[in-house]
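These notes are about the structure you will find just below.
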Amino acid sequence: MHHFAYRNGTLFCENAPLDGIARELGTPAYVYSDATIRRHYAVLADAFEGVPLLIAYAVKANGNLGVIATLAALGAGADVVSGGELERAIAAGVPGGRIVFSGVGKTRAEIDLALKHRIKQFNVESRPELERLSQAAQAMGVRAPVALRVNPHIEAGGHAHISTGSAEHKFGVAWHEAEDLYALAGRLPGLDPCGVAVHIGSQITRIAPMREAFTKVVSLARSLNAKGFSITRVDFGGGLAIPYAPDDEPDSPAAYARMAREVLGDLDVELILEPGRMIMGNAGVLISRVEYVKERDGRTFVVVDAGMNDLIRPALYGAYHEILPVRAPEKGAVLKAVDVVGPICESTDRFAKNRPMPPLKEGDLVAFMSAGAYGASLASQYNARPTVAEVLVRGDACAVVRRRPTFDEMIALESAPDWIELG
Ligand code: LLP
């Protein structure tokens, strides 16, 4: 469910017409719906009613301050994977006590920063990380709350680049070593082993592999408690899939919640979830203007002003994004197969190949749908293109939550070496 729809022939975000936003702010630009973000959060929170729950939003999906602040105001926490994401979460109003720190490569400086903010939990991924964390906590005179992220060796489907749960992936501690590592964590003076965590991948369309993984996590938590540990939380990670194409029907958040409740049974723990895409994916679109329609060798290339630097998912994963004309096509408009491409000097800078589209001409606007997650957060300035602007809409109010940098700002951190005199 989202709040992008045609009204009187124009695509709107809530009560704001996308062509108006494009006129005012220029293109390309990401447009997010506040109502959709809040709805997705509520769907998940409501489905777990009665279960002690922390929804730690995965900041990597969309780290915009306005987005995190919107979620923080609803009571969300944050799942972060770097010092930078931690600082963003704090700046957006997420209390340290609602922050979970994931990732295989936490530096000592990042660990110190997180300890300073008294975060809720470190999701630890290796023995050396346990040792480093214990030392850092001891030096600060505190005990770090720890969950081990276990690797349950489950293939979750989805795209190979975003699946994480099998043995060949770098993530998590080996299933067969987990109990020994908890024993070690129990002995290390700076640690408080209090949780078990798992995350098996992203855009997982069926809940069966998740059930398998969560069942393992819950059995580990029970077995640890039987050994005298006090496991007070389990973290089921993120991974819920969203529909990208109109006929996609991934398993629903409600089915996911039913399954998770069932698996938890009477285990007396707080549940932590780390959703990213499920909250932000369909809450955002990328609007872009057609620059040229180029016919060549029997192909039609629709060249738009957004590039793979703004939305890299099609280039990186062959991902499908629906592309809608902002002005609704006339009734009976004949569709024609076109390639929708960007201006970047790379052949992978292509959003769609042979996609049946209604007639498009220079100056028309299009919207790349389902672009709210892993869109802006993966954007770059490749080809010295200004980072794409971002707008948050509530009703008919539009807030520019990230403006485009000026060219001066883009080069402000750079300089020529002092042995060259710039003319
Ligand atoms: N927790 C951990 C430890 C993660 O690694 C991730 C995503 C999440 C939570 C959030 O997963 P979600 O609920 O969003 O599926 N760039 C790729 C997706 C990479 C996902 C990385 N980890 C894409 O555009 O599809």
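In each ligand, atom 1 is the first atom listed, and ligand 1 is the first ligand listed. Remember, predicted model here, so these are calculated numbers, not experimental data.
- Within the 4.0 Å heavy-atom cutoff, Met278 does not count among the residues contacting ligand 1.
- Close N/O approach between Ser202 and ligand 1 is found [any backbone or side-chain N/O within under 3.5 Å].
- Heavy atoms of Gly239 approach ligand 1 to within less than 4.0 angstrom.
- Ligand 1 lies out of reach of Ala373, whose nearest heavy atom is not under 4.0 Å from it.
- Proximity of Asp79 to ligand 1, defined as any heavy-atom pair under 4.0 Å, is confined to the side chain (atoms from C-beta onward).
- The closest donor-acceptor contact from the side chain of Ser377 to the backbone of Lys60 lies under 3.5 Å.
- A cation-pi arrangement is found for Lys106 relative to Phe101, the charged atom lying closer than 6.0 Å to the ring centre and inside a 45° cone about the ring normal.
- Here the options are Val366, Leu11, Val391, the test is side-chain contact (heavy atoms from CB on, under 4.5 Å), and the partner is Leu18; only Leu11 passes.
- No heavy atom of Met280 sits closer than 4.0 Å to any atom of ligand 1.
- No side-chain donor-acceptor contact under 3.5 Å links Arg233 to the backbone of Ala197.
- The side-chain hydrogen bond (donor to acceptor under 3.5 Å, both in side chains) test applied to Ser370 returns Asn282, not counting sequence neighbours.
- Using modelled atom types, no side-chain atom of Asp364 and backbone atom of Val290 make a donor-acceptor pair closer than 3.5 Å.
- At under 3.5 Å, a nitrogen or oxygen of Gly276, whether backbone or side chain, sits near a nitrogen or oxygen of ligand 1.
- With a 4.0 Å heavy-atom cut-off, ligand 1 is reached by no atom of Phe171.
- Residue Arg313 has at least one heavy-atom neighbour below 4.0 Å for each of these atoms of ligand 1: 23 (C), 24 (O), 25 (O).
- Less than 4.0 angstrom separates some heavy atom of Arg149 from each of these atoms of ligand 1: 3 (C).
- Heavy atoms from both the backbone and the side chain of Glu274 come within less than 4.0 Å of ligand 1.
- At least one N or O atom of Tyr374 sits closer than 3.5 Å to an N or O atom of ligand 1.
- A salt bridge links Lys120 with Glu270; the closest basic N to acidic carboxylate O contact falls under 4.0 Å.
- Atom CG of Leu220 and atom CD1 of Ile231 lie 7.5 Å apart (nearest 0.5 Å).
- Considering each of Gln203, Arg277, Glu125, the one bringing a non-hydrogen atom nearest atom 25 (O) of ligand 1 is Arg277.
- The one candidate from Tyr374, Phe368, Tyr244 that meets the ring pair (Phe, Tyr, Trp, His ring centres under 6.0 Å) condition with His321 is Tyr244.
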